[in-house]
Amino acid sequence: MIHAYSKLFLPDVQQNLGYACHFAINSCDVEPDSFYDFFIASKVANEIETGSPKFVCGYSGTELALTIFNRIGYAPKKMDFDDNSIMFHRSKEYWAGWILAYYQWMTGIRFSKIRDIISFNQIIQMYHPLHEAPEEKFIEAMDEIVRKNNMNFGTNLHRLRKAAGLTQKQLAELSGVNLRTLQQYEIGSKDINMASGKSINALALALHCNFYDIMELEDLD
């Protein structure tokens, strides 16, 4: 899978998005889901997804939140820069932003698509018990949520594999794509649009279809 920025910068993005969420929600009294909507509407989410250096490692968490507010013309009624009532690295809101950044980088799913699947409030509610678990446990939990969300319509890869009469294991063997990765592409918990051209081409050859038939092009708008 091709990532927009190096994993070396992922801890910075996690920390900054985590603190931006903590600051906006706890110091500025912005509703969690509203701030997540602001994050997407401001195009800051897209800046991170595409690896913009300024948004990956050039801003602090506070600056990130203030940039989001400024871009959409929002002026919080409260803005407490000295709020130490909750240590940000231990707050639920910080963890939710922190794990969200990790999930987006690992899967390549756009922040807006994640919002369509699960609300930010729901991610916050996953703090117990997942905040003390390895990050992979959150990915597993999200995989199940994504699978249920996609159950009624599926992905192009899922439909094409079924039409070809292949099991996931058979397709993995024919294409050389890792079985677990193929499963994640199929349920949409990894964005197949972010897969390497080699992987997509191998799947297309195995399924006797066009390269673009496998991709989810509607997600590229």
Side-chain angles (χ1 to χ4, degrees), residues 3-139 141-142 145:
H3 295 286
Y5 57 91
S6 168
K7 193 173 184 177
L8 293 173
F9 296 111
L10 180 57
D12 291 332
V13 176
Q14 289 183 262
Q15 178 175 303
N16 292 338
L17 185 56
Y19 187 67
C21 292
H22 168 85
F23 174 75
I25 296 165
N26 293 309
S27 298
C28 302
D29 285 345
V30 179
E31 287 295 318
D33 285 330
S34 294
F35 182 65
Y36 195 62
D37 285 343
F38 294 167
F39 174 54
I40 294 169
S42 67
K43 306 297 184 184
V44 170
N46 186 63
E47 300 275 13
I48 293 174
E49 291 167 352
T50 56
S52 168
K54 182 162 56 174
F55 289 89
V56 167
C57 59
Y59 282 144
S60 69
T62 303
E63 290 170 334
L64 197 64
L66 294 176
T67 299
I68 291 169
F69 292 153
N70 182 60
R71 282 194 172 193
I72 64 167
Y74 177 77
K77 295 179 181 178
K78 170 190 172 185
M79 194 178 290
D80 187 354
F81 290 96
D82 297 317
D83 178 17
N84 293 314
S85 61
I86 305 175
M87 291 298 291
F88 73 84
H89 59 285
R90 294 182 180 176
S91 74
K92 295 184 292 184
E93 296 77 15
Y94 173 87
W95 175 83
W98 181 88
I99 198 66
L100 178 66
Y102 179 85
Y103 182 74
Q104 194 283 321
W105 188 88
M106 289 296 293
T107 64
I109 299 176
R110 299 178 67 182
F111 286 109
S112 58
K113 176 66 174 178
I114 297 170
R115 180 195 57 185
D116 291 341
I117 296 169
I118 185 172
S119 71
F120 194 65
N121 264 315
Q122 289 173 306
I123 295 176
I124 292 173
Q125 290 166 15
M126 296 169 74
Y127 178 80
H128 291 293
L130 292 178
H131 74 288
E132 293 183 342
E135 290 91 334
E136 288 72 20
K137 291 294 184 182
F138 180 82
I139 290 182
M142 282 294 295
I145 292 169

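Computed from heavy atoms alone, side chains included, the values below leave out hydrogens, waters and symmetry copies.
- Glu31 is not listed as a side-chain neighbour of Phe120, based on a closest heavy-atom distance of 4.5 Å or more.
- Between Ile118 and Met142 the shortest side-chain heavy-atom distance falls below 4.5 Å.
- With rounding to the nearest 0.5 Å, the separation of CG in Leu100 from CE in Met126 is 11.0 Å.
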Could you pull out every donor-acceptor pair under 3.5 Å between side chains of residues 54-63 and any protein atom, sequence neighbours left out?
from  : atom 1 : to    : atom 2 : distance (Å)
Ser60 : OG     : Glu63 : N      : 3.2
Ser60 : OG     : Glu63 : OE1    : 3.4
Glu63 : OE1    : Ser60 : N      : 2.9

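- Contact between Phe23 and Leu66 at its shortest, heavy atoms only, is CE2-CD2, 4.2 Å.
- Ring pair Phe35/Phe38 is perpendicular by interplanar angle, where above 60° counts as perpendicular and below 30° as parallel.
- Applying the salt bridge (Lys or Arg N to Asp or Glu O under 4.0 Å) test to Asp33 and every residue at least two apart in sequence or in another chain returns nothing.
- Residues that satisfy the salt bridge (Lys or Arg N to Asp or Glu O under 4.0 Å) test with Asp37, not counting sequence neighbours, are Arg115.
- Of the inter-residue distances, the one linking Asp12 atom CG with Asn16 atom CG reads 6.0 Å to the nearest 0.5 angstrom.
- Between atom CD1 of residue Ile68 and atom CG of residue Leu64 there is a gap of 4.5 Å, rounded to the nearest 0.5 Å.
- Annotation: ring pair (Phe, Tyr, Trp, His ring centres under 6.0 Å) contacts of His3 (sequence neighbours excluded): Trp105.
- Counting heavy atoms from C-beta outward, Val13 and Tyr5 have side chains that approach closer than 4.5 Å.
- With respect to Arg71 and Glu47, a salt bridge is recorded, a charged nitrogen being found less than 4.0 Å from a carboxylate O.
- Here Phe138 pairs with Trp95, Tyr103 under the ring pair (Phe, Tyr, Trp, His ring centres under 6.0 Å) rule; sequence neighbours left out.
- Contact record, Cys21 with Gly97: SG-CA, 3.8 Å, taken as the closest heavy-atom pair.
- The six-membered or imidazole ring of Phe111 lies near that of Phe39, with a centre-to-centre distance under 6.0 Å.
- Using cut-offs of 30° and 60° on the angle between ring planes, the pair Tyr74 and Phe69 is tilted.
- For Phe9, the ring pair (Phe, Tyr, Trp, His ring centres under 6.0 Å) test picks out no residue, with sequence neighbours left out.
- Glu136 CD: more than 12 foreign heavy atoms inside a 6.0 Å radius.
- Contact record, Lys78 with Asn26: NZ-O, 3.9 Å, taken as the closest heavy-atom pair.
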